[in-house]
2 protein chains.
Amino acid sequence: MIDQMTNSARTPLSRERVLLGAVALADTAGIDSLSMRKLAQDFDVVPMALYKHVAGKEDLLDGMVDVILAEIEPPAPGATWKTAARTRILSARRALLRHPWASRIIESRPAPTPAVLAYLNAMIGIFRDGGLSAGLTHHLMHTLGSRIYGFSQELFNATATPDPQALAAAATELAAHFPHVAELATTASHDGHSVVGQGCDDQYEFEFALDLILDAFERRQQP
Amino acid sequence: MIDQMTNSARTPLSRERVLLGAVALADTAGIDSLSMRKLAQDFDVVPMALYKHVAGKEDLLDGMVDVILAEIEPPAPGATWKTAARTRILSARRALLRHPWASRIIESRPAPTPAVLAYLNAMIGIFRDGGLSAGLTHHLMHTLGSRIYGFSQELFNATATPDPQALAAAATELAAHFPHVAELATTASHDGHSVVGQGCDDQYEFEFALDLILDAFERRQQP
DNA sequence: ACCTGAACACCGTTCAAGT
DNA sequence: ACCTGAACACCGTTCAAGT
């Protein structure tokens, strides 16, 4: 606490420090707790001081997305387009899992930043250099959707329900009214756990869908 | 205007009227303009009056999602699982296109409402009744992702840029720094228009990906 | 019992006043 | 030239006071 205060008093603010501070605040306190005012408080400055380094809240969010993108490892050289893309997308996924709020922010941005364009450009380049036509690459990008950024739409967002009794009650309720949902929730576990909403190995499912898509396009590449 | 006033003064508020009013407000003024205070103003009541019919803002948003789901046509009986799912998903897409804000709200909900569960249950039911195993159905649901609700993650959100001069400048800029992105933007048009960010027929792309996924699972069904 | 105004605890951002 | 406090125009929601 005191370290933070002296530290922030010593080194002057910069865009990078502001952005990293915002990412850290979102990581620890949650994205809903991220406000210009609270962020300023973290740096022991008045809210207006942030506007020297960041145009506003929107610019701050854009910058935070860029921080996340920077965590994605560059594509491995010398690999086939398929493994190059797969490796990079799984690296993006690891970055995203470190910052659970990031997918929501990426989705909400109204316009791509240069860093986002550079990332997409590199991803498209992998496919084009691998010999896929521009048209097929376009289809592939659309089919991958948010998977390009390392996530896919969650059918229900993860709700932490650690109370086993409430969980059991919810399972009974589910089975009574939505039997198909209940069946899927219980049969789908890959790790033995079969509890509602958690009996599903998201990583496995992500890779399953990713490979299915990449395989399908590989097949279409050479008819 | 006066009609609205007398109308709202006559008929008492109800949950349904509040939800439909919220959907209408989001449709016309945009989702960012939707606030409890503005919605109350539309009904010529004090903000607190809404809390009689809606638990709060979160409950309001949940209710709005339910309104959208209710617009999706029920599955056609007697069809194969593939066409039944395809038809229903494309109906969901039409509902979503009527309310451009809806995909963002659907994504943001922390927990599924009973109506959401019922929708997913019906969708799963189509696959299970069609003979797909529970495991394969689970994979399919994950692969479809947000497509189940009629949308897919936009790589860049649609930004209206009607100024053709600025558009041309942006295209040159894009080509210089992000050649792969520029190529895709220009070659991908299916309707002749080849302008940055708009040269892409989203409906075509949606159906392409949807069919690719459904075809792949049909192939896996009978090995 | 029902409704409601004022108030609370927040926002992002502007802007003029201070140094 | 730089920084900053107060202020503006909003939020969602609480709560006690009025009818």
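Chain identifiers are assigned alphabetically (A, B, ...) following the order of the sequence lines, protein sequences preceding nucleic acid strands; residue numbering begins at 1 within each chain.
For A:Val46, whose side chain is taken as the heavy atoms from C-beta onward, the closest listed nucleotide among C:dG12, D:dC11, D:dT4 is D:dT4. Distance from the side chain of A:Met36 is smallest to C:dG12 among D:dG12, C:dC3, C:dG12.
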Donor-acceptor pairs under 3.5 Å, side chain of residues 20-30 of chain B to any protein atom, not counting sequence neighbours: which ones?
residue: B:Asp27; atom: OD1; partner: B:His99; partner atom: ND1; Å: 2.9
residue: B:Asp27; atom: OD1; partner: B:Trp101; partner atom: NE1; Å: 2.6
residue: B:Asp27; atom: OD2; partner: B:His99; partner atom: ND1; Å: 3.0
residue: B:Thr28; atom: OG1; partner: B:Ala24; partner atom: O; Å: 3.1
residue: B:Thr28; atom: OG1; partner: B:Leu25; partner atom: O; Å: 3.3

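In the model, B:His138 has a side-chain atom that pairs as donor or acceptor with a side-chain atom of A:Glu205 under 3.5 Å. With 3.5 Å as the limit, one finds a donor-acceptor pair spanning the side chains of B:Thr113 and B:Asp66.
For the pair B:Leu50 CG and D:dT14 C1', the computed distance is 15 Å after rounding to whole Å. Whole-Å rounding puts the A:Lys57 NZ to C:dC11 P distance at 9 Å. Separating the CG atom of A:Asp32 from the C1' atom of D:dC11 is a distance of 14 Å, rounded to the nearest angstrom. For the pair A:Asp44 CG and D:dT4 P, the interatomic distance rounds to 12 Å; values are reported in whole Å. Atom OH in A:Tyr51 sits roughly 15 Å away from atom C1' in D:dG5 (whole-Å rounding). To the nearest angstrom, P of C:dT4 lies 15 Å from CZ of B:Phe43. Rounded to an integer number of Å, the gap from A:Met48 CE to D:dA1 P is 18 Å. Residue A:Gln41 contributes atom CD, which lies 10 Å from atom P of C:dC10 at whole-angstrom precision.
D:dC2 sits 14 Å from C:dA16 when the C1' atoms are compared, rounded to a whole Å.
Across the strands present, C:dA1 finds its partner in D:dT19; the criterion is a Watson-Crick or G-U wobble pair with both atom distances under 3.5 angstrom. D:dC8 is paired with C:dG12 under the Watson-Crick or G-U wobble criterion, all donor-acceptor distances under 3.5 Å.
Both tests do not hold together for B:Arg93 against B:Phe151: distance to the six-membered ring centre under 6.0 Å, angle to the ring axis within 45°.
Side-chain N/O atoms of B:Lys52 include none lying less than 4.0 angstrom from OP1 or OP2 on C:dC2. Close to D:dC10, at under 4.0 Å from its OP1 or OP2, lies no side-chain N or O of B:Lys38.
Where A:Val45 and B:Gly56 meet DNA chain D, the nucleotide closest to each residue was compared, and A:Val45 sits on the side nearer the 5' end.
In terms of the side-chain contact (heavy atoms from CB on, under 4.5 Å) criterion, residue partners of B:Pro47 (sequence neighbours excluded) are, by chain and number, B:Arg37, B:Ala40.
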